[in-house]
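Here the structure comes first, spelled out in C-alpha cells, and everything after it is commentary.
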Amino acid sequence: MAKHCLIVRGGWPGHDPVAATDAYIPVLERLNFIVDVEDTPEVYADSAVMARYDLIVQCVTMGSATVEEIEGLRQAVAAGAGLAGWHGGLIDSFRNSTDYMQLLGAQFAAHPHAPEDRGRTDVEAYRDYTVHFTDAAADHPITQGMADFPIRTEQYWVLSDSHNRVLADCELVPGAGDEWDEPITMPVLWTRQWGKGRIFAITLGHTLDVLQRDEVSTLIERGMTWAAR
C-alpha cells in the first residue's frame, strides 16, 4: 500500500533545495511513496491536508514560518507523521522559532573554516573529518552495517539536547587560531521521538555531490524509510 510524502522546500538558494529534493523523489517513489511538493511551509497550517502524510521531507534553509505553520508541523509529527531532512534544510530552518528548535532538538550554530582559511571569503568552510558511528548505530536499521568514513565538506557545529539518539558523530578538532581548546564531539546523524512521530536528521548535504555519495544517500534513504509512519 502506497504511503504519502510531503516535500517542503525553499529558503536560501545556496543549498539548491529544488535539485537536492528532486534527486530524492525517484528514491521515494521506489519506496512506494506518493510525493507532493510545496515551495512554502504554508501547508503546515492546514491540519486536514497534513493528516494525509506519512512522511515530511523538509529542505528549507533559514526561511521563515508563522506560529500557526510551526504549530501545524509539530501537531502532524506528534500525531505520527515522520520528519526527515539533511543539513541546513532541516537543521538551520526557521531561526526565529524556538518551538521549531524544540521539535528538532538541535540548531546549526556555525561551520568553522579550516584554520588555514580563516578570514577568507573566497573559500568554502570545508574541513576534513571522519563520520564515526556510535555504539547505538550497530543494531539500528538506519546505520546497521555502516562503517566509519572520511569526508571533506562543511562540518556543522550543532547545539543539541539529550533527547536526540545520536547514531553518528564527528570530532571538531581545533587548529591554529581556533578559539576552542579541545576536540569537541558533534552529532552528525540522530533520531528523535516526538509524540507518535519519528524524526531523522543528518548534518551532511551541503552540496549535491555529498548527497549523492553512496554512504550519505544510503543513510538518507534508510532514514526516510525509518521515520515514515
| remark: Only one of His111, His15, Gln155 passes side chain to side chain donor-acceptor pair (under 3.5 Å) with His206, and that residue is His15
Rounded at 0.5 Å granularity, tell me how far [atom1] in [X] sits from [atom2] in [Y].
{"X": "Arg52", "Y": "Asp36", "atom1": "CZ", "atom2": "CG", "result": "7.0 Å"}
{"X": "Ser64", "Y": "Asn96", "atom1": "OG", "atom2": "CG", "result": "6.5 Å"}
{"X": "Arg213", "Y": "Thr153", "atom1": "CZ", "atom2": "OG1", "result": "9.5 Å"}
{"X": "Ser97", "Y": "Gln107", "atom1": "OG", "atom2": "CD", "result": "10.0 Å"}
{"X": "Glu29", "Y": "Leu31", "atom1": "CD", "atom2": "CG", "result": "10.0 Å"}
{"X": "Leu208", "Y": "Asp22", "atom1": "CG", "atom2": "CG", "result": "10.0 Å"}

| Ile34 vs Lys3, side chain to side chain contact (heavy atoms under 4.5 Å, CB included): CA-CA, chis, key distance, verdict | CA-CA 6 Å; Ile34 297 169; Lys3 294 187 175 185; over 6 Å; no
For residues [X] and [Y]: do they belong to one hydrophobic cluster (side chain heavy atoms under 4.5 Å, members Ile, Leu, Val, Met, Phe, Trp, Tyr)?
{"X": "Ile25", "Y": "Val27", "answer": "yes"}
{"X": "Leu167", "Y": "Leu90", "answer": "no"}
{"X": "Tyr129", "Y": "Leu189", "answer": "yes"}
{"X": "Val158", "Y": "Trp194", "answer": "yes"}
{"X": "Val216", "Y": "Ile91", "answer": "no"}

Would you name the heavy atoms of [X] and [Y] that are closest together and state the gap between them?
{"X": "Trp190", "Y": "Ala106", "value": "CZ2-CB, 3.4 Å"}
{"X": "Ala65", "Y": "Ile70", "value": "CB-CD1, 3.7 Å"}
{"X": "Ala76", "Y": "Met50", "value": "CB-CE, 3.9 Å"}
{"X": "Pro17", "Y": "Cys59", "value": "CB-O, 3.5 Å"}

Is it the case that the side chain of [X] and the backbone of [Y] share a donor-acceptor pair, with hydrogens and angles ignored and the cut-off at 3.5 Å?
{"X": "Arg222", "Y": "Gln144", "value": "yes"}
{"X": "Arg198", "Y": "Ala84", "value": "no"}
{"X": "Asp117", "Y": "Arg120", "value": "no"}
{"X": "Asp178", "Y": "Gly175", "value": "yes"}
{"X": "Arg127", "Y": "Val173", "value": "yes"}
{"X": "Asn164", "Y": "Gly105", "value": "yes"}

Would a 4.5 Å heavy-atom cut-off, applied to side chains only, mark [X] and [Y] as touching?
{"X": "Ile7", "Y": "Val35", "answer": "yes"}
{"X": "Glu215", "Y": "Met146", "answer": "yes"}
{"X": "Arg192", "Y": "Asp161", "answer": "yes"}
{"X": "Val37", "Y": "Thr21", "answer": "no"}
{"X": "Met224", "Y": "Leu55", "answer": "yes"}
{"X": "Gln102", "Y": "Arg74", "answer": "yes"}
{"X": "Tyr100", "Y": "Ser93", "answer": "yes"}
{"X": "Ile142", "Y": "Leu219", "answer": "yes"}

If a pair satisfies ring pair (Phe, Tyr, Trp, His ring centres under 6.0 Å) and one of its residues is in [range], list it, with sequence neighbours excluded.
{"range": "residues 19-47", "value": "Tyr24-Trp86"}
{"range": "residues 148-181", "value": "His87-Tyr156, Phe108-Tyr156, Trp157-Trp180"}
{"range": "residues 52-78", "value": "none"}

| said: Below 30° counts as parallel, above 60° as perpendicular, anything between as tilted: where do the rings of Trp226 and His140 land? | reply: tilted
| message | Using the side-chain contact (heavy atoms from CB on, under 4.5 Å) criterion, which residues pair with Ala45? Sequence neighbours excluded. | response | Glu68, Glu69
| query | Has Asp135 got more than 12 heavy atoms of other residues, nucleotides or ligands less than 6.0 Å from its CG? | reply |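 No.
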| message | Check this for me: Glu42, atom CD, are more than 12 non-hydrogen atoms of other residues, nucleotides or ligands nearer than 6.0 Å? | response | no
| request: From the options Thr143, Val166, Val188, select the one residue that forms a side chain to side chain contact (heavy atoms under 4.5 Å, CB included) with Phe133. | output: Thr143
| field | side chain to side chain contact (heavy atoms under 4.5 Å, CB included) partner of Thr207, the single match among Leu211, Asp209, Leu204 | value |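 When Leu211, Asp209, Leu204 are each tested with Thr207, the side chain to side chain contact (heavy atoms under 4.5 Å, CB included) holds only for Asp209.
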| task | Sort and list the pairs that fulfil side chain to side chain donor-acceptor pair (under 3.5 Å) and have at least one residue in residues 165-176, not counting sequence neighbours. | result |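 Checked against side chain to side chain donor-acceptor pair (under 3.5 Å) - neighbours excluded - no pair reaches residues 165-176.
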| task | Could you pull out all residues at least two apart from Glu221 that satisfy salt bridge (charged side-chain N to carboxylate O under 4.0 Å, His left out)? | result | Arg30
| said: Between Ser217 and Gln212, does the side chain to side chain contact (heavy atoms under 4.5 Å, CB included) criterion hold? Intermediate values first, please. | reply: CA-CA 6 Å; Ser217 62; Gln212 293 174 331; 5.9 Å; no
| query | Between Arg152 and Glu124, is there a salt bridge with N-O shorter than 4.0 Å? | reply |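 No, Glu124 and Arg152 are not salt-bridged.
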| request: Go through the steps to decide whether Met62 and Arg95 satisfy the test side chain to side chain contact (heavy atoms under 4.5 Å, CB included), and finish with yes or no. | output: CA-CA 6 Å; Met62 294 182 279; Arg95 293 180 180 178; 3.7 Å; yes
